[in-house]
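For reference, the structure discussed in these notes is given below.
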Amino acid sequence: MSHDVTERPTDQADRLPGIVRAMAVIERVGNALPHPFWLFWILVIILGVASAILSAAGVSVISPSDGETVTVRNLFSGDGLAMALSGVIDNFAEFPPMATIVVVIMGAALAEHSGFLAAAMKTGVSRVPASWVVFAVAFAGTAAHVASAAAYIILVPLGGLAFRAVGRSPILGVVVAYTAIASGYDASPIPTPNDAIFAGITTAAAKIIDPNAYVSPLSNWFFNIASSILLAIVITVVTKFVLAKRPDLDPDPDVDLTDLGTLELSPRERSAQRLALITLGVAVLVLLALLLPPGSPLRGADGTLAESPFLEGIAAIVGLLFALCGIVYGVRSGTITAFADVPKLMGRGIRQMAPVLVLFFAIAQFLAYFDWTRIGDLIAVESSQLLDQNNVPVPVIFLMVLILLGVVNVMITSGSAMWSIAAPVLVPMLMLLAVPAETTQALFRIADSGSTAITPMSPYFVMALGFLQQYRKNAGIGTLASYTLPLAIAMTVCWTALFFLWWALGIPLGPGAPVR
């Protein structure tokens with residue numbers, strides 16, 4: 001696609017100064033925040049001070065689960081210090097997402113490091129007609145989350161290559177791919193490691209009200225599938241009618257596009273991919289054959305999927321499917337040449353997870369202390385009663401939650417960190433208003449994703465800017481933000497509308513997960 005450009009701005013500040021200034025403010029404020037690891041220890045201190053004050057005042061509340069009086073306990077008391085010291089190991093080991101995410105990541109690591117996921121993304125964006133390339137890249141962006149952070153590394157440059165291959169601006173391809181991943185991060189049609197993390201945190205929060213609560217990694221799956229399709233459509237429409245009309249889409253004239261890679265797979269890679277997909281299909285058919293009979297041992301006691309061994313073991317199943325695809329692809333393509341390569345690749349996945357596991361240690365301690373002090377019970381009960389007494393409509397509460405989490409997400413871009421802070425308050429509070437924990441989690445998904453594409457606090461924003469600068473050397477924060485902002489706003493508005501429609505119609509969010 002050619003564009004008649006007589007003047008190229010050297011910086012987006014002269015075109016969108018408000019956006020540039022806002023991004024600069026966000027970056028300065030965000031940089032002043034401590035690392036999430038230290039943020040949780042600061043929250044522990046704040047929690048201790050608050051618990052000491054409330055305990056001294058004798059603040060209590062009637063527990064809705066058993067009708068007993070629950071009094072706030074002082075974290076800085078002798079009992080509190082004893083609990084904190086004796087529970088360090090158990091808190092970490094029993095943190096709900098801990099084992100689940102490790103199992104999923106070991107399988108996903110095989111799929112990623114063998115080359116299977118990269119090959120699948122290349123195929124997904126290269127074998128579509130030119131008229132469908134925007135939708136294909138956008139939908140691939142939502143599905144790419146099976147590769148976790150690697151989705152950005154693999155798909156964002158591929159987006160530029162895919163657009164270039166059909167004669168469209170590669171700059172637009174980079175923007176579409178990045179925004180689809182960032183602002184659609186929690187809308188994957190394929191179960192991802194994040195689903196296991198969020199479900200574990202939600203389960204822990206729901207147990208404040210219901211000790212038997214369990215939220216499956218598939219609890220939002222139906223909603224995620226619909227969301228990924230909707231977001232891909234929204235990106236396609238906004239790209240066609242807004243972004244594609246911008247006059248600054250040509251790469252710098254001195255950029256050698258041939259040096260930026262290719263979408264082509266070698267014959268051996270194509271053969272390996274075909275064999276891996278056949279293996280995946282056979283594995284899914286075997287799984288369905290085991291699951292479909294009414295008396296299947298994978299079903300629940302009443303013959304349904306709710307609280308069934310299948311849903312309780314879904315993380316292991318997802319990890320196994322990833323591993324099968326990775327092993328078959330790796331053996332056929334040559335990236336796996338010996339049995340010893342399999343545990344090595346799994347180990348690489350665990351090493352990549354090391355920063356997350358370190359963060360989990362701090363999160364696990366904070367959540368255990370928060371639960372012990374019973375401040376969560378106090379906030380949830382008092383907040384829900386206040387909302388109920390003032391007859392605040394549930395849809396209005398949903399909007400309030402979305403706005404609150406959306407603002408926080410601009411500063412705290414780690415989804416697991418933000419949900420660990422918010423879930424112990426929001427999940428119990430809304431459960432007391434008859435809103436299932438799965439529904440609150442779906443709200444969080446929207447808020448956690450929408451603003452991610454525009455905040456420079458995300459490390460992947462900087463990464464995407466680097467890919468953009470391969471085509472436009474003088475591109476800056478304002479440049480990328482000005483491209484992603486229309487997409488992010490449209491995606492958030494339409495995704496929110498989908499949620500309210502879903503809730504109004506009462507469609508289950510996932511297997512055994514009612515929306516209300």
Side-chain angles (χ1 to χ4, degrees), residues 93-121 142-151 154 185-186 188-203 214-221 224-225 272-273 275-291 297-298 305 308-331 335-336 339-357 360 415-416 510-511:
E94 297 172 5
F95 184 48
M98 183 69 177
T100 302
I101 190 63
V102 169
V103 170
V104 175
I105 285 297
M106 286 193 295
L110 285 171
E112 177 189 348
H113 296 299
S114 67
F116 172 73
L117 290 181
M121 291 183 200
T142 64
H145 304 136
V146 297
S148 298
I154 298 172
Y185 198 81
D186 296 328
S188 176
I190 305 171
T192 71
N194 268 351
D195 293 324
I197 293 175
F198 296 156
I201 295 172
T202 307
T203 296
Y214 172 72
V215 177
S216 162
L218 292 183
S219 60
N220 290 159
W221 191 34
N224 287 352
I225 294 173
Q273 184 185 54
L275 188 58
L277 291 176
I278 291 173
T279 302
L280 176 63
V282 171
V284 170
L285 289 176
V286 171
L287 184 61
L288 289 175
L290 294 173
L291 184 63
L298 298 183
L305 290 180
S308 63
F310 172 75
L311 287 186
E312 292 177 356
I314 191 64
I317 293 172
V318 170
L320 178 61
L321 293 178
F322 277 141
L324 282 174
C325 291
I327 291 172
V328 171
Y329 181 90
V331 171
T335 54
I336 294 178
F339 287 114
D341 291 339
V342 172
K344 286 180 181 178
L345 294 184
M346 296 169 73
R348 286 176 63 182
I350 298 299
R351 285 197 298 273
Q352 289 177 332
M353 279 294 297
V356 176
L357 297 180
F360 277 2
S416 58

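Note that the structure is predicted; figures quoted are calculated from it, not measured.
When the options Asp195, Thr192, Asn194, Asn220 are evaluated for a side chain to side chain contact (heavy atoms under 4.5 Å, CB included) with Asp186, the one that passes is Asn194.
Contact annotation: the side chain of Asn224 never approaches that of Ser188 to less than 4.5 Å [non-hydrogen atoms, C-beta and beyond]. Residues Ile105 and Phe322 are not in side-chain contact: their nearest non-hydrogen atoms beyond the backbone lie 4.5 Å or more apart. Using a 4.5 Å cut-off on side-chain heavy atoms (C-beta onward), Leu218 and Pro191 make contact. Contact check for Ile350 versus Val102: side-chain heavy atoms found under the 4.5 Å cut-off.
Taking CZ of Phe116 as the start and CG of Leu324 as the end, the distance is 10.5 Å to the nearest 0.5 Å. Going from atom NE2 of His113 over to atom NZ of Lys344 covers 14.0 Å, rounded to the nearest 0.5 Å. Annotation: the span from Thr202 atom OG1 to Ile197 atom CD1 amounts to 11.5 Å, rounded to 0.5 Å.
For Leu298, the side-chain contact (heavy atoms from CB on, under 4.5 Å) partners two or more places apart in sequence, or in a different chain, are Leu287, Leu290, Leu291, Ser296, Phe310. Scanning for side-chain contact (heavy atoms from CB on, under 4.5 Å) contacts around Ala119 gives Leu265, Gln273, Tyr329, with sequence neighbours left out. Scored by the side-chain contact (heavy atoms from CB on, under 4.5 Å) test, Leu288 finds Val284, Leu292 as partners (sequence neighbours excluded).
Between the Thr279 side chain and the Cys325 main chain, no donor and acceptor come within less than 3.5 Å of each other.
For the residue pair Trp221 and Pro189, the shortest heavy atom distance occurs at NE1-O, 2.9 Å. When every heavy atom of Ala109 is checked against every heavy atom of Gly349, the shortest pair comes out as CB-CA, 3.5 Å. Shown here for Ile336 and Ser114, the closest heavy-atom pair between the two residues is CD1-CB, 4.4 Å. Counting all heavy atoms, side chain and backbone alike, Val342 lies closest to Leu110 at O-CD2, 3.6 Å. Closest of all the heavy-atom pairs between Ser219 and Val215 is OG-CG1, 3.3 Å.
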